[in-house]
Undergrad: 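Mind having a look at this structure? Questions to follow.
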Amino acid sequence: MPSETAETTALLRSIRRLLLAIVFLLGVGLVALADTGYMTSGYQDGPIFALAGVSGAVVALAAVLTWLGSWGSAPSTGAD
């Protein structure tokens, strides 16, 4: 079985970063959806929408921190 080439590693890394960006946007969308739900319910049921908003914010924060961390940790290719 052939070993991974630098091109394959770069492609997989870019796909991973793209997926992290999508997860970030989904988290931000969940925060916006929770805010919209809170407004349309007449500012009632606050804890339900607050929980949804906080969980969306945690997902977005984790995704952006992982995304930023992926730029600093470039593995060596072993071509030294």
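The structure displayed is predicted, hence computed values, not measured ones.
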Undergrad: Tell me, which pairs form a ring pair (Phe, Tyr, Trp, His ring centres under 6.0 Å) where one or both residues lie in residues 7-27, sequence neighbours left out?
TA: none
Undergrad: In the structure I gave you, are the side-chain heavy atoms of Val31 and Asp35 within less than 4.5 Å of one another anywhere?
TA: no
Undergrad: Going by heavy atoms in the side chains, are Arg16 and Thr66 under 4.5 Å from each other?
TA: yes
Undergrad: With hydrophobic residues grouped by side-chain heavy-atom distances under 4.5 Å, do Leu26 and Leu18 end up in a single group?
TA: yes
Undergrad: With the 4.5 Å side-chain cut-off for hydrophobic clustering, are Val28 and Leu65 part of the same group?
TA: yes
Undergrad: Flag the pair Val59 / Val23 as yes when at least one side-chain heavy-atom distance between them is below 4.5 Å, and no otherwise.
TA: yes
Undergrad: Of all the heavy-atom pairs spanning Ala34 and Gly53, show the shortest one and how long it is.
TA: CB-N, 3.6 Å
Undergrad: Any link between Leu11 and Leu19 through a network of hydrophobic side chains (Ile, Leu, Val, Met, Phe, Trp, Tyr) touching at under 4.5 Å?
TA: yes
Undergrad: Are the side chains of Thr5 and Thr9 in contact, using a 4.5 Å heavy-atom criterion?
TA: no
Undergrad: Ring of Trp71, cation from Arg17 - is the NZ or CZ under 6.0 Å from the centre and inside 45° of the axis?
TA: yes
Undergrad: Does one hydrophobic cluster hold both Leu33 and Met39, with members joined at side-chain heavy-atom distances below 4.5 Å?
TA: no
Undergrad: To the nearest 0.5 Å, tell me how far Leu30 CG sits from Ser55 OG.
TA: 5.0 Å
Undergrad: Looking at every non-hydrogen atom in both residues, tell me the closest pair between Tyr38 and Gly46 and how far apart they are.
TA: CE1-CA, 3.6 Å
